[in-house]
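What follows is one structure encoded as structure tokens, with my remarks underneath.
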Amino acid sequence: MALVRTRFAPSPSGFLHLGNARTALFAFLYARKTNGRFILRIEDTDQERLVPGSEASIYEDLKWLNLNWDEGPDIGGPLGPYRCSERYDVYKVQLKRLQKATRVYRCFCTTEQLDQDRALLSSQKKLIKYVGRCLNISDAESEKRAATENFVWRMHIPPGDPVVVNDVIRGKVEMSRDVIGDFVLGRASGVPVFLFANAIDDAVQEMTHVIRGEDHLSNTFRQVLIYQALGHEPPVFVHLPMIGSEGGGKLSKREGSLSIGDLRKEGFIPAGILNYLALLGWSPGDTAQTGEKFSLKELSERFDLERVHKGRALFDYQKLRFLNQQHLNDLSLEELAKLAPPRKPGLEGIWKDAIALVRQDAATLEELYRIDAFLAAPDLKSSPSATTILKGENPKKALQEGLSLFEKAVAGNQPAEVALKESIQAAGKTVGIKGKDLFFPFRVALTGVEAGPELVPLAKILGSSEIISRLKNAIEFTASNT
RNA sequence: GUCCCCCUCGUCUAGCCCGGUCCAGGACACCUCCCUUUCACGGAGGUAACAAGGGUUCAAAUCCCUUGGGGGACGCCA
């Protein structure tokens with residue numbers, strides 16, 4: 001079997017989104033699985049929609065995800081260039097070939113005319129396609145008008161057998177020729193439209209598998225017609241189901257958090273995102289036995305096109321979080337600290353110990369920074385927990401007793417964490433309280449809240465003088481909190 | 001409107017091709033309990049689905065048809 005070549009062909013008109021990223025992932029996985037090649041091609045034929053910087057950000061996001069390509073605009077390759085805007089001469093040559101093989105004619109219709117045509121057809125509840133106004137203009141007249149008028153090249157589709165697309169996921173799909181209108185291949189300037197450039201590039205760059213979103217399925221019939229006219233064997237088509245948003249609608253740009261860049265900012269890591277994405281529309285089939293956690297390497301080994309779903313899948317933030325957490329658990333404290341370094345000065349020395357206290361809770365790197373709230377002294381006045389817990393005689397007495405015991409203990413060179421634990425227990429005995437009645441006042445006094453990391457390890461990080469200061473503050477607070 | 005595609009728990013899915021082992025299995029979320037002097041983590045349970053209706057068959061989630069619902073396409077966007 002020939003070497004598998006798959007490609008990811010984004011247009012540099014925005015950032016890499018989840019849907020795109022999954023398409024890239026599947027193309028990548030299939031190439032890796034088959035020891036083939038994964039190619040990146042930038043489809044920048046529409047200069048108007050080009051967003052400066054987006055090409056660079058696509059590279060960055062793909063690299064961050066570890067979806068590395070074997071050929072591409074930045075690294076070159078044997079069948080380049082890999083940026084459509086640098087391939088206009090290729091399209092011109094192929095357009096000439098196509099003109100010899102089939103009817104390709106100039107269309108002088110204006111945008112306004114075409115809009116009117118479509119509006120009319122729509123109101124008549126008819127099939128919307130090109131009405132064929134310019135189809136019968138003679139070659140001589142066409143030539144003449146081309147000198148002064150703007151035009152596009154259209155490929156004529158005469159009646160004939162239905163066009164067949166063999167799709168790995170959907171099977172054999174047919175479309176009648178008469179619903180396919182004469183479509184545009186390119187502008188007078190030589191700039192092709194997507195449909196044409198894309199088909200040509202896939203053919204010329206010897207792609208064996210075209211893996212892309214289902215939204216391209218209806219384009220595929222036109223592209224097959226181009227392949228047939230040119231005498232190219234069409235690639236194997238793989239149209240992936242779409243991803244829908246949590247509410248069931250489109251996964252659109254308005255859901256800003258769904259771009260890879262934003263997910264990265266939210267503290268998701270590549271392994272988690274990739275794992276989640278792979279399971280969106282595909283399943284290895286035996287997850288009841290194996291579980292659902294897979295590394296990129298495992299995915300590369302297990303992936304297959306046959307098990308890709310037909311129906312669309314809805315994005316589920318919770319599950320993304322869950323899988324991200326699973327992969328976060330694999331990271332050592334060193335790695336975590338490197339990926340999520342302290343944001344406040346002076347924390348470098350204790351940072352690893354600090355994040356160790358919250359890593360169990362954290363589904364994202366960002367959630368590691370919850371520890372910051374405990375590292376800073378609490379503002380008891382604005383804490384609802386302090387107002388309710390640090391009330392009455394017992395908590396006050398316990399804190400006072402605890403503080404004095406703690407001060408003695410640390411003066412005797414006892415480590416802060418040991419001193420705190422023993423002081424709390426001793427204070428409880430003296431005052432005659434235990435359990436939550438005893439520990440909650442101390443927890444709230446030290447952190448301001450009732451829920452948080454374990455107190456004793458936290459004490460070790462905070463150090464004795466900080467604890468003393470917080471306890472004093474809390475005692476002071478109890479006096480005013482009546 | 002026309003064409004194409006799709007439809008198993010709330011969500012992701014296994015099973016469907018090759019009907020019986022499925023009064024449908026797993027995971028996320030949710031609920032309960034255990035662990036825990038907090039929250040979480042972890043552990044043990046639980047609620048919850050074959051879109052509907054017709055066929056075919058001894059037997060249908062699995063095969064066929066119809067209806068319904070959803071998505072995509074119909075650009076000098078990709």
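Just so we're on the same page: letters track the sequence lines, and every chain starts at 1. For clarity, every value in this text was computed on a predicted model and none was experimentally measured.
Rounded to whole Å, atom P of U2(B) lies 8 Å from atom NZ of K125(A). In this structure, the CZ atom of R177(A) is 16 Å from the C1' atom of C3(B), given to the nearest Å. Residue L280(A) contributes atom CG, which lies 13 Å from atom P of U11(B) at whole-angstrom precision. One interatomic measurement links the two molecules: CZ of F183(A) to C1' of C76(B), which rounds to 14 Å at whole-angstrom precision.
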Please step through side-chain contact (heavy atoms from CB on, under 4.5 Å) for the pair D182(A) and M155(A), ending with a clear verdict. CA-CA 5 Å; D182(A) 292 359; M155(A) 177 163 161; over 6 Å; no
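Under 4.0 angstrom from either OP1 or OP2 of A78(B) there lies at least one side-chain N or O belonging to T45(A). In terms of phosphate contacts, R307(A) brings a side-chain nitrogen or oxygen within less than 4.0 Å of OP1 or OP2 of A14(B).
The side chain to side chain donor-acceptor pair (under 3.5 Å) check on T148(A) picks up nothing, with sequence neighbours excluded. Every residue was checked against the salt bridge (Lys or Arg N to Asp or Glu O under 4.0 Å) condition with E450(A), not counting sequence neighbours, and none meets it. Annotation: salt bridge (Lys or Arg N to Asp or Glu O under 4.0 Å) contacts of E298(A) (sequence neighbours excluded): none. Scanning for side chain to side chain donor-acceptor pair (under 3.5 Å) contacts around D115(A) gives R118(A), with sequence neighbours left out.
The listed nucleotides are G75(B), C39(B), C6(B); the one nearest the side chain of R170(A) is C6(B). Distances from the side chain of A313(A) to the nucleotides C6(B), C12(B), U2(B) place C12(B) closest. Ranking U38(B), G71(B), A78(B) by closeness to the R312(A) side chain, first place goes to G71(B). The side chain of R154(A) has C76(B) as its nearest neighbour among U38(B), C76(B), A78(B). Distances were taken from every side-chain heavy atom of S218(A) (C-beta onward) to each of C6(B), A73(B), A78(B); the shortest belongs to A73(B).
Across all strands shown, C28(B) is found opposite G10(B) as a Watson-Crick or G-U wobble partner, with both distances under 3.5 Å. Remark: C41(B) base-pairs with no nucleotide; criterion is Watson-Crick or G-U wobble with both hydrogen-bond distances under 3.5 Å. Nucleotide U2(B) forms a pair with A73(B), judged by Watson-Crick or G-U wobble geometry with both contacts under 3.5 Å. Base pairing analysis places G53(B) opposite C65(B); the two distances defining the Watson-Crick or G-U wobble pair are each below 3.5 Å. Nucleotide C58(B) has G20(B) as its partner under the Watson-Crick or G-U criteria, with both atom distances under 3.5 Å.
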What string of B, S and - do you get for nucleotides 16-31 of chain B, 5' to 3', when a contact is any protein heavy atom under 4.0 Å? ----------BBBS--
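Within the nucleic acid shown, R212(A) has no heavy atom closer than 4.0 Å to any nucleic acid atom. Across all strands, V152(A) comes closer than 4.0 Å to base atoms (heavy-atom distances).
At a threshold of 4.0 Å, the pair D201(A)-R41(A) counts as salt-bridged, since one of the basic side-chain nitrogens sits closer than that to a carboxylate oxygen. Using a cut-off of 4.0 Å between Lys/Arg side-chain N and Asp/Glu carboxylate O, R470(A) and E466(A) are scored as salt-bridged.
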Show the atom names and distances, to 0.1 Å, of all donor-acceptor pairs under 3.5 Å that link a side chain in residues 279-286 of chain A to residues at least two apart or in another chain.
unit_1: W282(A); atom_1: NE1; unit_2: D304(A); atom_2: O; d: 3.1
unit_1: W282(A); atom_1: NE1; unit_2: D304(A); atom_2: OD1; d: 3.0
unit_1: S283(A); atom_1: OG; unit_2: G285(A); atom_2: N; d: 3.0
unit_1: D286(A); atom_1: OD1; unit_2: R302(A); atom_2: NH2; d: 2.9
unit_1: D286(A); atom_1: OD2; unit_2: R302(A); atom_2: NH2; d: 2.9

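Not a single donor-acceptor contact under 3.5 angstrom links the side-chain atoms of D286(A) to the base of A14(B).
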